[in-house]
Amino acid sequence: MAGYACTSFANFLLILLAASFHINSMSAGRVLSTPKTYAEFIRTSCSTTTYPKLCYSSLSVQASKIQNSPRLLANAALNVTLASARSTSTMMQKLSQSHGMKPREVSAMQDCVEELSDTVDELRQSIGEMGEAKGSNTKLMIGDIQTWVSAALTDESTCSDGFDGNTMNGNVKSAVRKQILKIAHLTSNALALINNYASLHG
Ligand SMILES: *[C@@H]1O[C@H](CO)[C@@H](O)[C@H](O)[C@H]1NC(C)=O
C-alpha cells in the first residue's frame, strides 16, 4: 500500500512536470509563432491592394512593429511611400543638374521634382494626421488623408506624363519612369490600406 502511494505520488510529480513542460513549450511556441502571425496579417491585408507583392515585400520587414493593427499598417505604408518619394526627389534633383541634359529634359526633371515635393508634403501631412486619427474625429481625419494621398497620386502621374515625349535620353527616361511608377504603386497600396482602416470606422 505504502509502495503504491509512493509510485502514484511519483507519477503525480511526473505528470506535473510534464504538464509544466507542456505549458512552457506552449508559451515558447506562442512567442516563436508570433512574427509569423503578424506576417500573415500583412499578407492578408496586402491581398486587397492592387500591388500585393510590392505591398508585402515593402511592409513585412516591419511586421513586429505593425503587429495586427490596421492603423499601424496604413501608417507604415505611408512611411515607406514617403521615404521612396524623398529619395527619388533627391536623385532627380541631382540628375537635372548633371551635364549633357537637354533644356527640355532639365525642365521636365525640375517639374517632376516640384511634383514630388508636393507628394512629399501631402504624405507628411497624412502621416501627421494618421497619428491623431483615433477616437471621435477618426472619420474626418481619414477623409483628409484620403484627399491628400489621392492628390499625391495625381502629382506622380503628372510627373510621369512630363516624360512622355521622345526627346529624352532613353536610359534616363526609363529609370525615372520606373522609379515614379514604383512610388505611384506604393501610394496606391497605402491608399487601399487607409481605406481598409477607414472601413473599420464605418
Ligand atoms: C512612421 O514614421 C514615424 C516617423 O519617422 C515613426 O515615428 C513611426 O513609428 C513610423 N510608423 C510605423 C508604423 O512604421
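Residue numbers count from 1 along this sequence. Scope of the values below: all heavy atoms of this structure, side chains included, with no hydrogens, waters or symmetry mates. Counting convention: from 1, in listed order, for ligands and their atoms alike.
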| Linked, directly or transitively: L116 and L95 (ILVMFWY side chains, under 4.5 Å) | yes

| query | Is atom CZ of R124 surrounded by more than 12 heavy atoms (other residues, nucleotides or ligands) closer than 6.0 Å? | reply |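 Not more than 12 within 6.0 Å, no.
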
| query | At a 4.0 Å cut-off, with the gap strictly under it, does some heavy atom of I66 reach an atom of ligand 1? | reply | no

| message | Show me which atoms of ligand 1 lie under 4.0 Å from any heavy atom of Q62. | response | 14 (O)

| query | Short list, please: which atoms of ligand 1 are under 4.0 Å from a heavy atom of L72? | reply | 13 (C)

| request: For atom 9 (O) of ligand 1, find the nearest protein heavy atom and state the residue, atom name and distance (0.1 Å precision). | output: K65 NZ, 2.9 Å

| request: May I ask you to identify the nearest protein heavy atom to atom 5 (O) of ligand 1, giving residue, atom name and distance to one decimal place in Å? | output: N79 ND2, 4.8 Å

| field | Any side-chain donor near an acceptor of the partner, S45 and N196, under 3.5 Å | value |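 There is no such pair between these side chains.
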
| side chain to side chain donor-acceptor pair (under 3.5 Å) partners of residues 179-190, not counting sequence neighbours, each pair once | T49-N189, Y51-H185, T88-Q179, E156-T187

| query | Less than 4.0 Å between atom 2 (O) of ligand 1 and some protein heavy atom, yes or no? | reply |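 True for atom 2 (O) of ligand 1.
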
| said: Would you say atom 14 (O) of ligand 1 makes contact with the protein, given that contact here means a non-hydrogen protein atom less than 4.0 Å away? | reply: yes

| said: Against the six-membered ring of Y197, is R71 placed for a cation-pi contact (under 6.0 Å from the centre, within 45° of the normal)? | reply: no

| So, for S47 and P52, which heavy atoms are closest and what is the spacing to 0.1 Å? | CA-CB, 4.2 Å

